[in-house]
2 protein chains.
Amino acid sequence: MNITIKKIAEDLQLAVSTVSKALRDSHEISAATKARVFAYAAEIDYMPNPYASSLKRGRSGNIAVVLPEVADSFFSAAINGIEEVAQAQGYHVMVYLTHENVKTEQAIVRDFWNGRVDGVLISITSDAKDYNHLSELATRNVPLVFFDRICEDLNTTSVVTNDQECGYNAARHLIHRGCKKIAFLALFDDLSIVRKRLNGFQQALREYNFDLQQNPILYLTNDERFNKEQIRNILESKDRPDGIVGSVEKVVMQTYDVCREIRLSIPNDIRIIGFSHLQIAHLLNPSLTTITQPAFEMGKMAASILIKSLTKKSSMIRKEQIMIPSVLIERDSTK
Amino acid sequence: MNITIKKIAEDLQLAVSTVSKALRDSHEISAATKARVFAYAAEIDYMPNPYASSLKRGRSGNIAVVLPEVADSFFSAAINGIEEVAQAQGYHVMVYLTHENVKTEQAIVRDFWNGRVDGVLISITSDAKDYNHLSELATRNVPLVFFDRICEDLNTTSVVTNDQECGYNAARHLIHRGCKKIAFLALFDDLSIVRKRLNGFQQALREYNFDLQQNPILYLTNDERFNKEQIRNILESKDRPDGIVGSVEKVVMQTYDVCREIRLSIPNDIRIIGFSHLQIAHLLNPSLTTITQPAFEMGKMAASILIKSLTKKSSMIRKEQIMIPSVLIERDSTK
DNA sequence: ATGAAAGCGCTAACAT
DNA sequence: ATGTTAGCGCTTTCAT
């Protein structure tokens with residue numbers, strides 16, 4: 001026979017409800033009985049069946065983390081922060097990767113509509129027009145917290161960094177270093193996070209009287225070959241830029257690769273600054289000037305907010321943006 | 001009223017069992033009825049309650065991945081592979097981090113004793129003496145597959161790379177490059193994976209008539225400060241080594257840091273080769289010679305084996321080691 | 001302080 | 001081909 005509450009009840013000559021309450025340390029149960037139950041449960045290695053409990057109580061103790069990818073130091077660090085908070089609070093973390101595919105994201109999120117997880121943390125794939133898979137979560141009482149790649153149209157909390165300001169700072173940093181023509185490497189054309197970084201970038205250009213038309217924006221994708229071709233084209237053009245702002249880690253690394261291939265010297269021929277969480281940015285050749293995002297903290301914050309909402313009766317989360325600032329760290333790539 | 005099978009049954013004037021069977025596409029149900037059920041279920045966005053199903057069927061559709069950390073390119077890539085297979089097969093991935101803490105690992109794994117997950121993939125924290133938390137899984141019919149950091153005493157499948165051979169190749173590579181004194185940077189003293197790499201390393205030393213006593217082994221930990229101090233001590237000693245084999249990624253990065261701090265030139269003063277899965281090893285300064293592990297493939301393989309076993313009646317897995325070879329990629333750090 | 005009983009939503013053995 | 005029924009293991013009223 002399986003080790004269930006029922007077995008404990010029989011062996012101890014108690015009712016199942018008594019055992020159940022004792023195990024949850026209910027005040028209705030006498031200290032003596034609790035002690036007997038705990039001792040016996042430990043002795044026979046009783047472990048509650050999580051599915052029976054979830055079914056009955058209507059909550060699973062699981063939270064979902066939906067990410068575009070995991071081969072990015074930002075997302076790895078975010079998982080780390082999320083897992084730390086979850087583990088401390090007794091929650092379980094289910095990880096899903098969308099690989100920047102909206103259809104995949106929709107299928108994954110749809111699966112949360114029916115209580116498979118108590119809440120969802122997401123960094124969206126792309127600001128598609130159709131957020132139904134996400135907005136439906138609220139309808140079904142599954143709270144949602146965005147982090148980093150957020151969707152501003154939904155009424156929930158987002159944990160972000162100061163993207164616009166950092167885009168501004170990145171451009172200004174390059175301008176101060178003497179750059180006359182700066183390219184912005186975007187990822188897709190519809191991520192709010194990238195748009196904000198771009199806005200800040202362009203704001204700085206305007207302030208310094210740069211002609212926006214002369215400072216190209218490259219819309220890159222998830223396809224490394226395509227991206228490198230685009231980057232190469234622009235870097236081999238006659239009037240190539242002398243500065244680059246990379247809006248996400250992977251496009252920065254791709255730029256480094258292209259510079260090697262076509263023998264452009266960083267920072268002599270071209271200066272590069274990138275949004276990244278890479279711990280070894282200082283070990284690159286040349287060391288990379290970064291906008292270093294508080295990935296771990298953002299993960300922790302997002303998970304804390306989500307889990308806090310789960311312990312309340314009404315788990316709905318108010319619309320709010322929590323901002324944790326990034327820091328610009330100057331290194332040799334913009335010297 | 002919630003959207004359940006019961007509601008569908010009532011609305012369609014059918015029995016719940018008929019609906020249940022129809023939804024699972026049972027051959028017992030007529031095509032016409034199936035069509036009605038499917039159509040109506042889609043119309044009202046019916047989603048099965050996973051907990052009711054899990055409770056009844058005794059399986060959850062979840063697999064656990066237990067890792068020492070996620071800020072390591074090997075483990076990130078492994079998660080990627082695992083998630084890909086899981087998603088394709090309709091399984092859900094729960095991620096747990098032990099942070100190299102055995103107690104944490106035990107607590108996490110104990111929680112799997114009662115069916116929270118259908119199977120477990122693990123890269124163990126440390127070869128502690130006590131494997132009870134793991135061996136008990138088999139007793140309780142929760143299959144387990146090790147990958148990378150395995151435990152050889154248990155009767156199950158492990159997915160590994162050719163660690164011993166790579167340790168050998170790493171040492172030989174340095175010897176061929178002219179190194180006379182080579183230090184091995186171990187992680188802990190009880191990881192089979194590290195022991196094997198060390199064995200291969202020492203085998204090469206013996207073959208080339210090196211005195212093992214003269215080629216130090218550093219047992220490093222999870223504590224970055226401690227590690228750097230150890231590395232620094234040895235690199236500042238009178239008869240410092242002229243070659244380093246780093247057994248895991250983080251100790252290699254720590255060695256790079258120390259070399260900068262004390263202004264040792266790589267590869268002129270010291271050559272470095274490391275086990276790693278870092279995608280940007282070629283962008284480091286200097287580019288890092290690596291034993292590049294097939295992390296993604298190992299994750300995929302481990303997940304495939306686990307999930308395959310879950311679809312059989314007897315889910316026990318036979319003792320076996322699957323070996324996927326790593327490749328040594330020469331770069332400037334050993335030039 | 002303890003017990004009896006209903007039921008969460010689904011599945012599957014067993015009718016019909 | 002469809003229906004009836006008995007649980008899976010737990011929580012939670014509602015007695016006692």
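Since this is a predicted model, take the numbers as computed values, not measurements. Atom set for the values below is all heavy atoms of this structure, side chains included, hydrogens, waters and symmetry mates excluded.
Taking the six-membered ring for Trp and thresholds of 30 and 60 degrees, B/Phe74 and B/Phe147 have nearly parallel ring planes, at less than 30 degrees apart.
Side-chain contact check for B/Val142 versus B/Trp113: every heavy-atom pair is 4.5 Å or farther apart. Using a 4.5 Å heavy-atom cutoff, the side chains of A/Glu83 and B/Val70 are not in contact.
Nucleotide D/dG9 holds its P atom 18 Å from the CZ atom of A/Arg57, rounded to whole Å. Taking atom CG of A/Asn49 as the reference point, atom P of D/dG7 lies 17 Å away to the nearest angstrom. To the nearest angstrom, P of C/dT11 lies 16 Å from NZ of B/Lys6. Regarding A/Ile5, its CD1 atom lies at a distance of 14 Å from the C1' atom of D/dC8, rounded to whole Å. In this structure, B/His27 atom NE2 and C/dA12 atom P are separated by 12 Å, rounded to whole Å.
Not one side-chain nitrogen or oxygen of B/Thr33 sits closer than 4.0 Å to the OP1 or OP2 atom of D/dA1. An OP1 or OP2 oxygen of C/dG3 is reached within less than 4.0 angstrom by a side-chain nitrogen or oxygen of A/Thr18. Dashed line: the shortest gap from a side-chain N or O of A/Tyr46 to OP1 or OP2 of D/dC10 is under 4.0 Å.
Remark: aromatic rings of B/Tyr96 and A/His92 are close, center separation under 6.0 Å.
Within the nucleic acid shown, B/Thr4 comes within 4.0 Å of sugar-phosphate atoms alone, with no base atom in reach, counting heavy atoms only. If you check every strand for non-hydrogen atoms under 4.0 Å, B/Ser53 touches sugar and phosphate atoms only.
The nucleotide whose nearest atom lies closest to any side-chain atom of A/Lys56 is, among C/dT11, C/dG7, C/dG3, C/dG7. Side-chain proximity of A/Asn2 to D/dG9, C/dC10, D/dT5: nearest is D/dG9. Which of C/dG3, C/dC10, D/dT2 sits closest to the side chain of A/Lys21 comes down to C/dG3. Picking from D/dT11, C/dC8, D/dC10 the nucleotide with the shortest atom distance to the side chain of A/Leu55 gives C/dC8.
Comparing B/Arg24 and A/Ser30, the nucleotide of DNA chain C nearest to each residue sits closer to the 5' end for A/Ser30.
Within 3.5 Å, a donor on the side chain of B/Ser17 pairs with an acceptor on the base of D/dT4, or the reverse.
Direction of the helix axis in the helix from C/dA1-D/dT16 to C/dT16-D/dA1 shifts by 40° between the two five-pair termini, rounded to 10°.
A/Glu105 and A/Thr125 share a side-chain donor-acceptor pair at under 3.5 Å.
B/Gly119 and B/Leu306 get closest at one heavy-atom pair: C-CD2, 3.7 Å.
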